[in-house]
Amino acid sequence: MKKITVLTLGLLCAGLLGACSNQKMESEASTNDKSSMTTKKDSDQSSKMAKDFSLQGVDGKTYKLSDFKGKKVYLKFWASWCSICLSTLGDTNDLAKEQEGKDYVVLSVVSPTFNGEKSAEDFKKWYKSLDYKDFPVLMDTKGELLKEYGIRSYPSALFVGSDGSLAKTHIGYMSKEDIEKTLKEIK
């Protein structure tokens, strides 16, 4: 019942909001941060390589971006308080279920204690009560990826090409169909 209520509220809010803005973000933006929020439009552009990371998941496993070299990566940044994020967790879970045998991987990132998020322990307890078990939720406890990629609102998505390049960023809601289309379009 709790899950249905949360999802219903999330869907209602999704119609009203374009993206969950983060009011508590520090204004540490630099020109380099802003340039990382652009979409790669021309293959002749010099591509920015996605920063490798090593983060522990809610499941206790350690995940490194470099472990997925040769695969495309859909990296979703989200927060437990973001209604749009919550309303799209089902799609994220479905994408992850479908990834077996495909050329992509689905990962998600939360940043405990940053931008109004719960503490790591509170988040883990809360998340375990949900029924999304097919995609890893990585804990960016130091907020390093938020800073690296200039994440200022939720949800935000990064698409990493199979060569490790940052292929595309997207701020706000993105349908499952659009995510799949983007994964097909990037190399």
Side-chain angles (χ1 to χ4, degrees), residues 7 10-11 13-22 25 29 32-53 55 57 63-80 82-111 115 132-138 140 144-187:
L7 289 174
L11 290 172
C13 292
L16 299 173
L17 302 172
C20 295
S21 288
N22 180 358
M25 263 315 210
N32 291 340
D33 288 339
K34 290 178 184 173
S35 68
S36 70
M37 297 305 292
T38 60
T39 302
K40 182 179 171 188
K41 294 181 180 176
D42 186 338
S43 61
D44 293 334
Q45 286 181 330
S46 61
S47 59
K48 179 179 178 180
M49 297 307 286
K51 181 182 178 187
D52 194 18
F53 57 78
L55 296 175
Y63 295 84
K64 295 179 183 180
L65 183 59
S66 57
D67 289 343
F68 303 106
K69 189 173 182 173
K71 289 198 172 220
K72 302 170 194 176
V73 178
Y74 167 55
L75 191 60
K76 177 180 182 169
F77 288 84
W78 64 286
S80 65
C82 170
S83 59
I84 294 171
C85 303
L86 297 176
S87 71
T88 61
L89 287 180
D91 286 346
T92 306
N93 199 61
D94 290 345
L95 279 168
K97 279 184 193 176
E98 298 163 5
Q99 75 187 10
E100 189 172 326
K102 299 216 175 162
D103 64 346
Y104 67 85
V105 174
V106 175
L107 302 173
S108 72
V109 178
V110 295
S111 297
N115 311 324
Y132 302 114
K133 309 297 183 214
D134 293 303
F135 63 94
V137 178
L138 313 182
D140 181 20
E144 291 173 352
L145 286 183
L146 291 180
K147 291 176 188 172
E148 172 70 20
Y149 295 120
I151 304 298
R152 290 175 181 73
S153 57
Y154 299 116
S156 288
L158 293 171
F159 293 88
V160 179
S162 58
D163 63 354
S165 65
L166 183 58
K168 180 177 181 174
T169 60
H170 181 87
I171 300 168
Y173 171 79
M174 194 171 194
S175 70
K176 180 182 174 196
E177 293 77 22
D178 287 340
I179 294 166
E180 290 172 319
K181 180 180 176 189
T182 301
L183 285 167
K184 286 178 186 173
E185 290 174 351
I186 65 173
K187 294 181 180 181

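What's counted below: heavy atoms across the whole structure, side chains too, no hydrogens, waters or symmetry copies.
- Checking side-chain atoms of Ser108 against main-chain N and O of Pro136 turns up a donor-acceptor pair under 3.5 Å.
- If you take OH on Tyr173 and CD1 on Ile84, they are separated by 9.5 Å, rounding to the nearest 0.5 Å.
- One finds the CG atom of Leu158 at 5.0 Å from the CD1 atom of Ile151 (value rounded to the nearest 0.5 Å).
- Phe68 CZ to Asp103 CG: the interatomic distance, rounded to the nearest 0.5 Å, is 14.0 Å.
- Distance check: Ile186 CD1 to Leu166 CG gives 9.5 Å after rounding to the nearest 0.5 Å.
- Partners of Phe159 according to the ring pair (Phe, Tyr, Trp, His ring centres under 6.0 Å) rule, which considers only residues two or more places apart in sequence or in another chain, are Tyr74.
- The nearest pair of heavy atoms linking Tyr104 to Leu95 is OH-O, 3.4 Å.
- Of all the heavy atoms in Ser153 and Ser156, the pair that sits closest is O-OG, 2.6 Å.
- Among residues at least two apart or in separate chains, side-chain hydrogen bond (donor to acceptor under 3.5 Å, both in side chains) pairs with a member in residues 177-186 are Ser175-Asp178.
- Residue Gly161 comes nearest to Ala167 through the heavy atom pair N-CB, 4.1 Å, listed as atom of the first residue, atom of the second, then distance.
- Lys64 NZ: 12 or fewer foreign heavy atoms inside a 6.0 Å radius.
- For the atom pair OH of Tyr154 and CG of Leu86, the computed distance is 13.0 Å after rounding to the nearest 0.5 Å.
- A donor-acceptor pair under 3.5 Å is formed between the side chain of Gln99 and the backbone N or O of Val106.
- Shown here for Leu145 and Leu55, the closest heavy-atom pair between the two residues is CD1-CD1, 3.5 Å.
- Residue Pro155 comes nearest to Cys82 through the heavy atom pair CD-SG, 3.9 Å, listed as atom of the first residue, atom of the second, then distance.
- The side-chain heavy atoms of Tyr149 and Thr169, taken from C-beta on, include no pair separated by under 4.5 Å.
- Within the 4.5 Å cutoff, no side-chain heavy atoms of Val109 are placed close to those of Phe53.
- In this structure the side chain of Ser162 never reaches within 4.5 angstrom of the side chain of Lys71, judged on heavy atoms.
- Using modelled atom types, no side-chain atom of Asp134 and backbone atom of Ala96 make a donor-acceptor pair closer than 3.5 Å.
- Between Lys72 atom NZ and Lys102 atom NZ the span is 10.5 Å, to the nearest 0.5 Å.
- For the pair Asp140 (side chain) and Glu144 (backbone), a donor-acceptor distance under 3.5 Å is present.
- Taking all atoms of both residues into account, the shortest heavy-atom contact from Thr92 to Lys76 is OG1-NZ, 3.0 Å.
- Every salt bridge (Lys or Arg N to Asp or Glu O under 4.0 Å) that Glu98 has, sequence neighbours left out, goes to Lys176.
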